[in-house]
Amino acid sequence: AQSVTQPDIHITVSEGASLELRCNYSYGATPYLFWYVQSPGQGLQLLLKYFSGDTLVQGIKGFEAEFKRSQSSFNLRKPSVHWSDAAEYFCAVGAQGSNYKLTFGKGTLLTVNP
Amino acid sequence: NAGVTQTPKFQVLKTGQSMTLQCAQDMNHNSMYWYRQDPGMGLRLIYYSASEGTTDKGEVPNGYNVSRLNKREFSLRLESAAPSQTSVYFCASSLDTDQPQHFGDGTRLSIL
């Protein structure tokens, strides 16, 4: 069975600092990988996705993520964080051919200090 | 373009009451999903509908039923609500089951 681990429950960074949110997955074959962001009281918004090809994927709002098969990781990065990035971030893994079997991590809450 | 619309946004029920959560999408998506989100648990799939006319159980289906009314609408029903079903419920849709899912804003349900 597939699984996702987000090791950091809560991260605090200063505005303008760089950010890296960690995601490790467990899946037997090549997975579909996603990062979603959830602002308070809102639904989840897709930041970026990896299906195949280039392992460095660009997303919205200046985010990027890198798929590293050897480390079973799909970490999310941003070079300079803005106060509006404060939210909860979810990594998810899907099985190729059956994306309905999305498994979500438990989320990382990002706080941005001015 | 509204995307995925969920109603109601908030609801308080008493134990044993029934309730239907509504979801509609205007993106002509084939697949629709219901999740629940609990603190520290991430999102867990309750039911999904790969295409109009089909529904299947997800990870946590007990206590719930669904209806794919047409291509646009997918409802979730609690026949006899229990306090353990207090949660935030999200509906999502995708073009097909192997495409990214788009989420509604959620229904916050409290069962006393």
Side-chain angles (χ1 to χ4, degrees), chain A residues 1-10 21 23-27 29-52 57-60 63 65 74 87-109, chain B residues 2-10 21 23-25 27 29-51 54-61 66 68 74 87-108:
Chain A
Q2 61 209 53
S3 65
V4 177
T5 301
Q6 293 181 247
D8 304 305
I9 296 173
H10 187 192
L21 302 182
C23 173
N24 293 100
Y25 69 91
S26 173
Y27 180 62
T30 301
Y32 291 161
L33 294 161
F34 307 85
W35 275 100
Y36 284 87
V37 60
Q38 184 180 31
S39 298
Q42 301 294 313
L44 279 72
Q45 181 183 20
L46 180 68
L47 282 176
L48 48 79
K49 63 183 185 293
Y50 171 78
F51 279 13
S52 65
V57 294
Q58 302 297 321
I60 62 172
F63 286 93
F74 189 58
E88 190 156 22
Y89 291 80
F90 293 92
C91 180
V93 60
Q96 286 200 8
S98 56
N99 192 37
Y100 65 83
K101 290 184 178 177
L102 266 188
T103 300
F104 285 83
K106 295 183 178 179
T108 297
L109 180 64
Chain B
V4 179
T5 302
Q6 293 183 235
T7 56
K9 294 188 184 304
F10 302 93
L21 308 185
C23 174
Q25 52 89 11
M27 297 175 281
H29 284 172
N30 292 307
S31 305
M32 299 185 73
Y33 314 80
W34 276 105
Y35 292 88
R36 59 178 289 172
Q37 183 180 34
D38 301 293
M41 298 291 290
L43 276 77
R44 293 180 292 170
L45 183 65
I46 304 171
Y47 271 93
Y48 69 97
S49 170
S51 60
T54 69
T55 61
D56 285 286
K57 295 178 180 179
E59 181 184 355
V60 288
V66 291
R68 183 75 182 265
F74 188 39
S87 188
V88 182
Y89 291 86
F90 287 99
C91 178
S93 71
S94 62
L95 185 60
D96 286 297
T97 55
D98 62 349
Q99 295 297 311
Q101 296 177 20
H102 299 260
F103 286 79
D105 287 341
T107 294
R108 284 144 187 83

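In what follows, every chain begins at residue 1, and chains take the letters A, B, ... in the order their sequences are listed. Both backbone and side-chain heavy atoms feed into the values below; hydrogens, waters and symmetry mates do not.
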Gap between atom [atom2] of [Y] and atom [atom1] of [X] - 0.5 Å precision:
X: B:Gln101; Y: A:Phe34; atom1: CD; atom2: CZ; result: 7.5 Å
X: A:Leu102; Y: B:Ser94; atom1: CG; atom2: OG; result: 8.5 Å
X: B:Asp38; Y: A:Lys106; atom1: CG; atom2: NZ; result: 11.0 Å

Point to revise | Contact class of A:Leu44 relative to chain B, heavy atoms under 4.5 angstrom | key: both

Check your understanding: Does any heavy atom of chain B fall under 4.5 Å from the side chain of A:Gln38, the backbone, both, or neither of them?
Key ->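 The answer is the side chain of A:Gln38.
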
Point to revise | Distance-minimising heavy-atom pair for A:Phe90 and B:Gln37 | key: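 The answer is CZ-NE2, 3.2 Å.
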
Review point. Of all heavy-atom pairs between B:Pro100 and A:Tyr36, which one has the smallest distance, and what is that distance?
Key: C-OH, 4.3 Å

**Study point:** Among the listed options A:Gly107, A:Gly41, A:Gly105, the residue most often paired with chain B at heavy-atom distances under 4.5 Å
**Key:**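 Counting heavy-atom pairs under 4.5 Å, the top option is A:Gly41.
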
Point to revise | chain A contacts, top residue of B:His102, B:Arg108, B:Gln6 (heavy-atom pairs, under 4.5 Å) | key: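 Of the options given, most contacts go to B:Arg108.
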
Practice item. Using a cut-off of 6.0 Å, state whether more than 12 heavy atoms not belonging to A:Ile9 lie near its atom CD1. Key: no

